[in-house]
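Per chain, numbering begins at 1; letters A, B, ... match sequence-line order.
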Protein chains: 4
Amino acid sequence: MIQLQQRSSSPIYEQIVEQMKELVAKDIMKAGDKVPSVRELSSTLLINPNTVSKAYQELERQGVIQTIRGKGTFVLEPSVPRMAAERIEALRHELQRLTVEAKHLGMTKAQFREMVDEASHMLGEGYHAAD
Amino acid sequence: MIQLQQRSSSPIYEQIVEQMKELVAKDIMKAGDKVPSVRELSSTLLINPNTVSKAYQELERQGVIQTIRGKGTFVLEPSVPRMAAERIEALRHELQRLTVEAKHLGMTKAQFREMVDEASHMLGEGYHAAD
Amino acid sequence: MIQLQQRSSSPIYEQIVEQMKELVAKDIMKAGDKVPSVRELSSTLLINPNTVSKAYQELERQGVIQTIRGKGTFVLEPSVPRMAAERIEALRHELQRLTVEAKHLGMTKAQFREMVDEASHMLGEGYHAAD
Amino acid sequence: MIQLQQRSSSPIYEQIVEQMKELVAKDIMKAGDKVPSVRELSSTLLINPNTVSKAYQELERQGVIQTIRGKGTFVLEPSVPRMAAERIEALRHELQRLTVEAKHLGMTKAQFREMVDEASHMLGEGYHAAD
DNA sequence: GTGGTCTAGACCACC
DNA sequence: GTGGTCTAGACCACC
């Protein structure tokens, strides 16, 4: 399910973190689901176990997964996310940066918003609480 | 006008690139304006001239500024951006990534859109040509 | 395989870029081949690693080589070249300049063409697809 | 007749040298013709006289023009060019470099030759000596 | 091991 | 004055 681009400029461990979060965000992986063990995933992806380990540590730090000693690693209930305030600030800042780039690419507000809508269809409507 | 965060994970030269692009996007710096010389900015920011130079070279590659021999460095007319196709693809991908993060932070589509609108007020409406 | 002329007016990093492109154009280095590491080449050529690094970054920007984190740097498949339109225009302009020089050297069209043919034997015939 | 691009990456004095040689190669300026004085050309082009002076020195070194004390500067008879052997070697080398670039741009020998022919129409046919 | 970033500072070309 | 190139060498992230 995870596909690496060895030639990408973003480090492999970050690619794993991002894609794992994407799978969870899209409900392809749900709370309680077991994620592959470090050994399993590293041998599937043909990469160093340390790299997978680093990714899982980051996911755990972000509250996405949890390792239970001797049982394995599992997707967590979506809950109050760790470091929410900081991460929201970071999100705001990155959106700001993307807007600057859009401006330099000559995009209008409408075009940018369309691109946002395309990307954000996975988000809930928000009439009822986020599940 | 440029403020560095020495402890940030993004390199200094990138911070300069981003902030310079932001100043241009917000029309605080306009086509024809002279940007500080390499020496001047490096001594203001208390960093090495090479670091400023690297930032300026990147900005030149992106078509934001232009160096005129012995005269200095100037903001360029906004024109056909370099490598537009690739950069638009990258923008789309980063928006996708931010949406995933928004989902993990429990945001709804409406909340995310609001944050986008906040960030994107600098973009033109596009009803009339971009001036 | 790379030979520098310290006294040349063209900078060392450009000499490396040109010669590397020549090796690739002549199929002496092929897609997938590993190029020497920055440290290795710099110690072979007795120059600073930063200079090699600068050359490699330029080659990467031109789509000739690719760096894979922690693994090394490799020759890329020849593909759609970056900034093809601009580079073709530059090529046309430089050919124009060389023709002017040939005229000043008293060369005839036939002599110039002969010199061109000598230089261009590496180019494919184009009857069949490239490769 | 001479048009400078302040924003070009090639220095102004080189642009003057090249364009002057182009005018001569195209027979727009002929042997015996007076070229503008340093002061005149510098005030026409709105540049520093030193820059024009440097260009004229280079043109004189190449045997294109000659300054006659108190009379002015004139286009020379095309004669045995100065440093012909070296300049032919340099020409050969630059053609080699352009071929490498053409190869990287995916051009075939036929396409490259066509571009050469386009550029070299100013050269004589060579049935009779180059005048 | 690999490449990327940064500093401190020299030297040079151009104007 | 301006920016471009290069060296010597430190420190870091990634694998």
I want to check one thing: is the phosphate of [N], taken as OP1 and OP2, less than 4.0 Å away from some side-chain N or O of [X]?
X	N	value
T73(B)	dT2(F)	no
S37(C)	dT2(E)	yes
T67(C)	dG3(E)	no

Side-chain donor/acceptor pairs under 3.5 Å, residues 93-102 of chain C, sequence neighbours excluded:
unit_1, atom_1, unit_2, atom_2, d
E94(C), OE1, R97(D), NH2, 2.9
Q96(C), NE2, E22(D), OE2, 3.4
R97(C), NH2, E94(D), OE1, 3.0
T99(C), OG1, L95(C), O, 2.7
E101(C), OE1, K21(D), NZ, 2.3
E101(C), OE1, R87(D), NH2, 3.3
E101(C), OE2, R87(D), NE, 2.9
E101(C), OE2, R87(D), NH2, 3.3

Inset, instruction - Only counting residues at least two apart or in another chain, list the ones meeting side-chain hydrogen bond (donor to acceptor under 3.5 Å, both in side chains) with E89(A). - result: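 E89(A) satisfies side-chain hydrogen bond (donor to acceptor under 3.5 Å, both in side chains) with R92(A) once adjacent residues are dropped.
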Inset, instruction - Apply side-chain hydrogen bond (donor to acceptor under 3.5 Å, both in side chains) to T73(A) and list each qualifying residue two or more places apart in sequence or on a separate chain. - result: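 T73(A): side-chain hydrogen bond (donor to acceptor under 3.5 Å, both in side chains) contacts with T67(A).
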Protein-nucleotide distance ([X], atom [atom1]; [N], atom [atom2]), rounded to Å:
X	N	atom1	atom2	answer
Q66(B)	dG4(F)	CD	P	11 Å
E58(B)	dG3(F)	CD	C1'	17 Å
L4(B)	dT5(E)	CG	P	15 Å
R7(D)	dG3(F)	CZ	C1'	17 Å
I68(B)	dG4(F)	CD1	P	12 Å

Legend entry - Sequence neighbours excluded - salt bridge (charged side-chain N to carboxylate O under 4.0 Å, His left out) pairs with any residue from residues 40-67 of chain D: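 For residues 40-67 of chain D, and leaving out neighbouring residues, the salt bridge (charged side-chain N to carboxylate O under 4.0 Å, His left out) pairs sorted by first residue read E58(D)-R61(D).
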Inset, instruction - Spell out protein contact along nucleotides 6-15 of chain F as letters: B when the base is contacted, S when just the sugar-phosphate is, - when no protein heavy atom is under 4.0 Å; keep the 5' to 3' order. - result: BBBB----SS
Inset, instruction - Any chance you could measure L76(C), atom CG, to Q62(C), atom CD, to the nearest 0.5 Å? - result: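 Answer rounded to 0.5 Å: 12.0 Å.
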Inset, instruction - Working to the nearest 0.5 Å, report the span between OG of S37(D) and OH of Y56(D). - result: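 OH of Y56(D) is found 7.0 Å from OG of S37(D).
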Legend entry - Nucleotide nearest V38(B) when distance is taken to its side chain, options dG4(E), dG3(F), dG3(E):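 Between dG4(E), dG3(F), dG3(E), the one nearest the side chain of V38(B) would be dG3(F).
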Inset, instruction - Starting from Watson-Crick (N1-N3 plus N6-O4 or O6-N4) and G-U wobble pairs under 3.5 Å, report the runs of at least three that DNA chain E belongs to. - result: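 DNA chain E stems, ordered by first number: E:1-14 with F:1-14.
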Inset, instruction - Go through the structure and list residues passing side-chain contact (heavy atoms from CB on, under 4.5 Å) with N48(C), not counting sequence neighbours. - result: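 side-chain contact (heavy atoms from CB on, under 4.5 Å) list for N48(C), sorted by chain: N50(C), T51(C).
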Inset, instruction - Return the set of residues passing side-chain contact (heavy atoms from CB on, under 4.5 Å) with E86(B) (not counting sequence neighbours), or none when no residue passes. - result: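 Listed in chain order: M83(B), R82(C).
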All N/O donor-acceptor pairs, side-chain side in residues 1-13 of chain D, below 3.5 Å, sequence neighbours left out:
unit_1, atom_1, unit_2, atom_2, d
S8(D), OG, S10(D), N, 2.9
S8(D), OG, S10(D), OG, 3.1

